[in-house]
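Encoded as structure tokens, the structure appears first; notes follow it.
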Amino acid sequence: MRKIAFYGKGGIGKSTTASNVSAALSLMGKRVCQIGCDPKNDSTRLLLGHICKSTVLDMLRTKDAGDIQKEDIIHTGFHGVTCVEAGGPEPGVGCAGRGIIVALELLDRMKALPESDVVLYDVLGDVVCGGFAMPIREGYAEEIYIVSSGELMSLYAANNIAKGIARFASRGKVRLAGIIGNSRNVPGEKELLIEFAERLHTGLAAFIPRDRTVNLAENHRQTVLQYAPDSQQAEVYRKLAETILTNEAESIPTPISFDELENLVAQYGTEN
Ligand code: ADP
Ligand code: MG
């Protein structure tokens with residue numbers, strides 16, 4: 001079983017990319033499970049066709065852990081993709097990171113996940129504190145992809161995630177498998193991301209164009225794979241799914257300093 005995680009800054013396109021990749025993998029015949037680890041709860045929305053109505057933390061608020069059934073927290077989405085949302089605390093109460101720990105531990109104890117070829121964790125990476133580091137710290141995920149655009153703050157988060165991976169790589173199997181560029185149409189973006197990846201000792205696994213089809217599909221609560229399977233954008237996600245299946249690159253990343261990052265962005269991002 002491949003244990004993969006997508007990390008990245010909030011709003012950068014993790015869930016969109018993860019859902020499209022899960023859909024593509026499933027259409028290629030793989031058994032896929034996507035686990036949302038973001039208090040936003042919307043990781044699997046495009047696969048389910050709606051916001052997940054019962055997250056693991058929702059269930060823990062209404063039932064004792066021992067009374068929770070698999071069906072309460074395991075949902076089936078597009079083309080049979082298994083969907084789980086860890087969930088989040090009530091706004092203003094509790095810690096989102098802690099929630100992810102509780103949710104993943106419960107899934108483990110219940111042995112709730114069906115047999116899968118690929119498990120894909122979709123994790124908020126603005127802070128790599130206890131809870132959000134859980135998938136890489138406890139060996140839930142081994143192959144980490146960082147989703148980033150060429151914007152400074154997105155790369156800043158990516159670099160911090162790389163620091164987290166480097167820390168846990170020394171005592172576990174977790175490795176950086178690549179950067180997934182999700183374009184925001186900033187100047188020199190692809191070249192910048194290639195260079196950034198190189199400095200971290202990894203590669204750019206894909207450069208995903210910013211495309212209106214993604215938004216149209218989202219308005220229909222669908223992945224691009226479902227909404228516009230013949231589109232160029234669908235092909236981009238299928239190609240990324242293939243790359244992930246065949247990718248053997250794994251590195252212990254070498255994060256860079258903030259000064260180096262700033263200089264890099266200034267060097268590539270200047271409009272001519
Ligand atoms: P995250 O999970 O990282 O918080 P989302 O996947 O929810 O981010 O994406 C944030 C927004 O960006 C969504 O409205 C999504 O449709 C849009 N988006 C993501 N990737 C693309 C893309 N390649 N082209 C156009 N819009 C995109
Ligand atoms: Mg998300």
Side-chain angles (χ1 to χ4, degrees), residues 1-8 12-36 43-44 46-47 76-83 113-123 135-136 140-150 158 161 165 173-183 189-191 193-194 196-198 200-214 216-218 222-251 253:
M1 183 177 75
R2 303 280 293 272
K3 303 195 282 183
I4 298 171
F6 282 12
Y7 271 79
I12 204 60
K14 295 177 297 296
S15 301
T16 306
T17 310
S19 300
N20 277 287
V21 165
S22 288
L25 288 169
S26 175
L27 289 165
M28 289 170 188
K30 301 291 174 197
R31 295 167 303 170
V32 186
C33 175
Q34 183 168 318
I35 304 180
S43 172
T44 55
L46 303 177
L47 293 165
T76 305
F78 173 72
H79 207 258
V81 176
T82 301
C83 300
L113 296 179
E115 266 197 36
S116 310
D117 301 307
V118 179
V119 179
L120 181 44
Y121 294 87
D122 169 10
V123 196
I136 47 179
Y140 285 92
E142 291 172 354
E143 302 171 50
I144 315 300
Y145 289 88
I146 305 177
V147 182
S148 181
S149 71
I161 294 158
I165 298 168
K173 282 201 211 160
V174 63
R175 295 291 182 268
L176 181 58
I179 307 287
I180 295 172
N182 195 30
S183 174
E189 194 169 30
K190 187 173 180 185
E191 294 70 27
L193 283 161
I194 290 172
F196 174 73
E198 215 162 89
L200 263 57
H201 279 95
T202 186
L204 189 64
F207 183 71
I208 302 170
R210 195 155 187 83
D211 190 309
R212 172 108 184 98
T213 319
V214 175
L216 293 173
E218 181 181 64
Q222 289 178 1
T223 58
V224 175
L225 272 286
Q226 182 177 10
Y227 177 74
D230 300 326
S231 63
Q232 276 186 5
Q233 193 74 2
E235 193 52 33
V236 169
Y237 291 121
R238 272 193 290 267
K239 210 164 149 248
L240 173 56
E242 294 266 10
T243 300
I244 289 174
L245 284 183
T246 53
N247 188 9
E248 289 180 356
E250 47 174 51
S251 68

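Side chains are part of it too, since the values below use all heavy atoms of this structure and drop only hydrogens, waters and symmetry mates. Note that the structure is predicted; figures quoted are calculated from it, not measured. For the single chain, residues carry numbers from 1 onward in sequence order.
The minimum heavy-atom distance linking Ala177 with Glu143 is given by the pair CB-CB, 4.2 Å. Residues Leu193 and Gly150 share a closest heavy-atom pair of CD1-N, 4.3 Å. Listed here is the closest heavy atom pair of Ala234 and Pro229: CB-O, 3.5 Å. Smallest separation of non-hydrogen atoms from Ser22 and Val32: OG-CG1, 3.7 Å. Here the closest heavy-atom approach between residue Ile12 and residue Val147 is recorded as CG2-O, 3.7 Å. Counting all heavy atoms, side chain and backbone alike, Leu245 lies closest to Met28 at CD1-SD, 4.1 Å.
Judged by distance alone, the side chain of Thr44 and the main-chain N or O of Cys83 form no donor-acceptor pair under 3.5 Å. Remark: side-chain polar atoms of Asn182 are not paired, donor with acceptor, to backbone N or O of Ser149 under 3.5 angstrom. Put simply, the side chain of Ser251 gets close to the backbone of His201: a donor and an acceptor are under 3.5 Å apart. A donor-acceptor pair is defined here as one N or O able to donate and one able to accept, closer than 3.5 Å; no such pair exists between the side chain of Asn247 and the backbone of Ala205.
Look at Lys239 and Glu242 and you find no salt bridge, because none of the NZ, NE, NH1 or NH2 atoms lies under 4.0 Å from a carboxylate O.
Atom CG of Leu25 is separated from atom CG of Leu240 by 8.5 Å, given to the nearest 0.5 angstrom. How far CZ of Arg31 is from CD of Glu115: 5.5 Å, rounded to the nearest 0.5 Å. For the atom pair OH (Tyr237) and CG (Leu225), the distance works out to 9.0 Å, reported to the nearest 0.5 Å. Taking CG of Leu47 as the reference point, atom CZ of Phe78 lies at 8.5 Å (rounded to 0.5 Å). Of the inter-residue distances, the one linking Lys14 atom NZ with Ser148 atom OG reads 10.5 Å to the nearest 0.5 angstrom. Considering CD of Gln226 and CG of Asn20, their distance stands at 10.0 Å, rounded to 0.5 Å.
With contacts defined as side-chain heavy-atom distances shorter than 4.5 Å, the pair Tyr7/Ile165 does not qualify. Within the 4.5 Å cutoff, no side-chain heavy atoms of Val21 are placed close to those of Tyr145.
Take Ser43 and apply the side-chain hydrogen bond (donor to acceptor under 3.5 Å, both in side chains) test, not counting sequence neighbours, and it matches Gln34, Asp122. In this view, Thr17 satisfies the side-chain hydrogen bond (donor to acceptor under 3.5 Å, both in side chains) rule with no residue, not counting sequence neighbours. For Glu250, there are no side-chain hydrogen bond (donor to acceptor under 3.5 Å, both in side chains) partners at least two apart in sequence or on another chain.
Paired with Ser183 under the rule side-chain hydrogen bond (donor to acceptor under 3.5 Å, both in side chains), one option of Arg210, Lys190, Glu189 passes, and it is Glu189. Each of Val214, Ile208, Thr223, Val224 was compared with Thr16 under the side chain to side chain contact (heavy atoms under 4.5 Å, CB included) criterion, and only Val214 meets it.
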- Task: Please assess Tyr140 against Val123 for the test side chain to side chain contact (heavy atoms under 4.5 Å, CB included), listing each intermediate value before the final yes or no.
- Result: CA-CA 12 Å; Tyr140 285 92; Val123 196; over 6 Å; no

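When the shell of 6.0 Å around CD of Glu191 is examined, it contains more than 12 heavy atoms from other residues, nucleotides or ligands.
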